[in-house]
Amino acid sequence: MTGFDKNVRQIHTVPKGVKMEDKVDILLATYNTKIEFLKMQLDSILNQTYSNFNLIISDDCSPNEEVREILKEYEKKDNRIQLYFQKKNLGYTKNFEFLLTKSREKYISFSDHDDIWYPNKIEESIKVLKEKDVDLVYCDAKQIDENGNIIQESYLKYKKLPIINEKYNKEILLFSRQIAIGCSQVFTRHVKELILPFTESTIAHDWNTEYIASKLKGVYCINKPLLSYRLHGNNAFGGRNFKQNMKIWKEKNGNSYKSYLKYRHRVITETYLAGTLMCSDYSQRLEKNDLKHVENKVTKYFEKAQKSKIIYLSVYKYFKYLYFKGIGKRILKEIMILHFPVLSYIVFSIVK
């Protein structure tokens with residue numbers, strides 16, 4: 001990635017032969033990130049082949065003064081950057097809500113502060129968004145560690161996530177599970193208008209966008225990596241796999257059945273239930289929702305599974321609401337957690 005020019009203020013025009021009539025708002029939330037990671041991400045965004053964008057940055061009251069200084073330096077050097085500093089810490093979700101209120105353009109993209117975008121990420125995403133005439137596209141990513149080493153060649157395959165496209169599109173999946181990380185998404189202003197303001201139940205702004213887009217023109221997956229998604233010690237719960245999360249939980253909370261049931265309760269809440277409750281709140285804003293009765297049944301399914309402490313026999317509901325082609329071995333882990341607490345505890349207790 002080329003370094004940042006410290007001597008000349010960057011004023012970008014549309015290159016010949018490239019159609020960039022529509023401007024994109026890239027929304028970047030920062031908080032106390034490592035300076036090295038921040039610079040790499042900023043440079044990867046500013047060097048996109050699709051240069052017609054605003055980079056709107058909101059720093060969530062970072063204690064590290066160097067973070068703010070670096071952001072000010074970049075703002076001075078590139079006319080596409082709009083910079084905001086929060087006076088108090090809003091938290092990850094509310095910071096993105098703030099950024100969305102500052103967006104005015106037709107297309108919008110979320111960005112984390114420590115990933116690396118490939119040069120064609122925005123160009124390819126906008127192209128597919130227009131060609132498929134949908135309201136949201138998401139892409140695959142390579143997963144990297146703190147040193148930039150590739151951990152997984154495909155985040156979607158590693159996490160066993162559904163590939164939503166023309167050949168396969170099971171609508172209920174956009175309600176029953178989160179299918180894509182926010183930094184992989186590009187979506188339309190229409191989606192933004194429906195998700196603002198956030199509800200009290202909003203726990204995943206990027207799940208919001210997927211669900212709302214599915215009720216409009218739809219969602220489409222670009223089934224190839226367009227960024228490197230960094231995994232490190234400060235990543236959220238969902239960035240790790242089942243085994244990694246269990247190991248961390250046991251180290252902090254012990255290996256008893258009581259401890260496991262608390263872990264299981266958290267998994268079901270964060271992975272499924274909280275998202276469906278959030279989507280249910282947003283469904284009130286939709287003019288038409290033909291799946292509302294099914295969505296209500298999905299939420300009740302998760303609630304009953306969460307309350308069970310021995311066994312929950314309605315396994316057929318899993319295949320009705322959560323199954324998709326390509327799920328692979330993930331199906332065994334999810335069925336164990338949702339339907340067979342005792343059996344999943346045995347696995348939990350022996351995993352090292």
Side-chain angles (χ1 to χ4, degrees), residues 22-33 37-46 48 50-64 67-68 70-75 78-117 121-122 125-126 129 135-139 178 180-213 227 229-230 234-236 278 282 285:
D22 295 309
K23 184 170 281 190
V24 180
D25 280 337
I26 300 172
L27 310 183
L28 173 60
T30 63
Y31 178 74
N32 227 35
T33 184
F37 295 166
L38 180 59
K39 286 183 175 180
M40 292 175 71
Q41 175 65 319
L42 289 171
D43 286 340
S44 73
I45 293 173
L46 296 174
Q48 288 290 298
Y50 194 103
S51 59
N52 190 20
F53 62 79
N54 301 311
L55 175 54
I56 309 175
I57 305 172
S58 174
D59 181 74
D60 200 15
C61 200
S62 290
N64 185 354
V67 172
R68 295 192 291 274
I70 290 296
L71 292 174
K72 290 176 184 177
E73 178 184 330
Y74 272 77
E75 181 190 32
D78 198 300
N79 69 313
R80 297 172 294 179
I81 295 177
Q82 301 172 24
L83 182 58
Y84 298 90
F85 292 104
Q86 301 302 328
K87 294 181 180 180
K88 64 178 182 179
N89 186 264
L90 299 176
Y92 182 74
T93 300
K94 296 297 289 185
N95 198 18
F96 271 111
E97 181 181 26
F98 169 83
L99 284 164
L100 282 165
T101 66
K102 299 300 178 183
S103 174
R104 300 290 183 270
E105 300 301 335
K106 186 175 181 180
Y107 300 114
I108 302 163
S109 177
F110 292 132
S111 172
D112 290 335
H113 57 190
D114 52 6
D115 300 325
I116 303 173
W117 286 12
K121 180 180 184 295
I122 292 297
S125 297
I126 295 297
L129 194 71
D135 275 290
L136 183 146
V137 296
Y138 66 102
C139 65
Q178 186 170 10
I181 47 178
C183 57
S184 72
Q185 301 177 358
V186 175
F187 54 94
T188 65
R189 184 168 54 212
H190 194 181
V191 174
K192 182 207 76 170
E193 290 169 348
L194 285 172
I195 66 174
L196 286 176
F198 284 4
T199 67
E200 291 184 4
S201 63
T202 298
I203 49 91
H205 58 283
D206 43 3
W207 194 336
N208 275 348
T209 52
E210 297 161 9
Y211 174 69
I212 293 296
L227 75 149
Y229 176 59
R230 196 182 300 274
N234 295 324
N235 270 95
M278 175 189 67
Y282 275 88
R285 301 181 183 182

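The figures that follow rest on heavy atoms only: side chains count, while hydrogens, waters and symmetry mates do not.
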I'd like to check Ser51 versus Arg80 (side-chain heavy atoms, cut-off strictly below 4.5 Å). Are they in contact? yes

Looking at side-chain heavy atoms only, is the closest gap between Phe53 and Ile45 below 4.5 Å? yes

Counting C-beta onward and ignoring hydrogens, is there a side-chain heavy-atom pair between Ile108 and Val186 closer than 4.5 Å? no

What residues form a side chain to side chain donor-acceptor pair (under 3.5 Å) with Asp135, not counting sequence neighbours? Thr188

Roughly how far apart are Leu55 CG and Glu75 CD, rounded to 0.5 Å? 10.0 Å

Mind checking whether Tyr31 and His113 have ring centres under 6.0 Å apart? no

Step-by-step side chain to side chain contact (heavy atoms under 4.5 Å, CB included) determination, Ser111 to Gln41: CA-CA 9 Å; Ser111 172; Gln41 175 65 319; 3.0 Å; yes

Restricting to non-hydrogen atoms, name the atom on Phe96 and the atom on Leu27 that form the minimum distance, rounded to 0.1 Å. CE2-O, 3.5 Å

Report the C-alpha separation of Phe110 and Leu100 in whole Å, then their side-chain angles, then the decisive distance to 0.1 Å, and conclude whether the side chain to side chain contact (heavy atoms under 4.5 Å, CB included) test is met. CA-CA 9 Å; Phe110 292 132; Leu100 282 165; 4.1 Å; yes

Any side-chain donor near an acceptor of the partner, Glu210 and Gln185, under 3.5 Å: yes

Could you give me the CA-CA distance, side-chain angles and deciding distance for Phe187 and Tyr138, then say whether side chain to side chain contact (heavy atoms under 4.5 Å, CB included) is met? CA-CA 9 Å; Phe187 54 94; Tyr138 66 102; over 6 Å; no

Are Tyr282 and Ser201 close enough that a side-chain donor and a side-chain acceptor fall under 3.5 Å? no

Nearest-0.5 Å distance that lies between atom CG in Leu194 and atom NE2 in His190: 4.5 Å

Taking C-beta and beyond as the side chain, do Leu227 and Cys183 meet within less than 4.5 Å on heavy atoms? yes

Supply the atom-to-atom distance Leu99 CG to Leu90 CG, rounded to the nearest 0.5 angstrom. 9.5 Å

Do side-chain atoms of Ser44 reach the backbone of Trp117 as a donor and acceptor pair under 3.5 angstrom? yes

Please determine, by modelled atom types, if Ser62 and Asn32 share a side-chain donor-acceptor pair under 3.5 angstrom. no

Do Tyr107 and Asn52 meet the criterion of a side-chain donor-acceptor pair at a distance under 3.5 Å? no

Check whether Phe85 forms a cation-pi arrangement with Lys72 (NZ or CZ under 6.0 Å from the six-membered ring centre, at most 45° off the ring normal). yes

I'd like to know if the side chain of Arg230 and the backbone of Ile116 have a donor-acceptor N/O pair within less than 3.5 Å. no

Side chains of Asp25 and Ser109, heavy atoms from C-beta outward: is any pair under 4.5 Å? no

Contact between Tyr84 and Ile57 at the side-chain level, heavy atoms closer than 4.5 Å - yes or no? no

Ile81 side, atom CD1; Glu73 side, atom CD - distance, nearest 0.5 Å: 10.0 Å

Side chains of Tyr211 and Met278: closer than 4.5 Å at any heavy-atom pair? no

Are any of the side-chain heavy atoms of Tyr92 and Asp112 separated by less than 4.5 Å? yes

Might you work through the side chain to side chain contact (heavy atoms under 4.5 Å, CB included) test for Ile203 and Thr93, ending with a clear yes or no? CA-CA 7 Å; Ile203 49 91; Thr93 300; 5.9 Å; no

Within the distance-only criterion (no hydrogens, no angle test), does the side chain of Arg68 pair as donor or acceptor with the backbone N or O of Asp59 below 3.5 angstrom? no

Ring-plane angle category for Phe198 and His205, please: parallel below 30°, perpendicular beyond 60°, tilted otherwise. parallel

Minimal non-hydrogen separation, Gln48 against Lys121, with atom names: OE1-N, 3.3 Å

Sort out for me which residue in Ile26, Ile56, Asn54, Asp22 forms a side-chain contact (heavy atoms from CB on, under 4.5 Å) with Glu105. Asn54

I would like to know whether Asp60 and Asn89 meet side chain to side chain donor-acceptor pair (under 3.5 Å); could you show each step before the answer? CA-CA 5 Å; Asp60 200 15; Asn89 186 264; 3.2 Å; yes

Does the side chain of Asp206 come under 3.5 Å of the side chain of Gln178 through a donor N or O and an acceptor N or O? yes

Side-chain donor/acceptor of Asp114 to backbone N/O of Phe37, under 3.5 Å: no

Do any pairs count as a salt bridge (Lys or Arg N to Asp or Glu O under 4.0 Å) and have a residue in residues 88-98, sequence neighbours left out, and if so which ones? Lys94-Glu97

Those residues that, when tested against Thr33, pass side chain to side chain donor-acceptor pair (under 3.5 Å) (two or more places apart): none

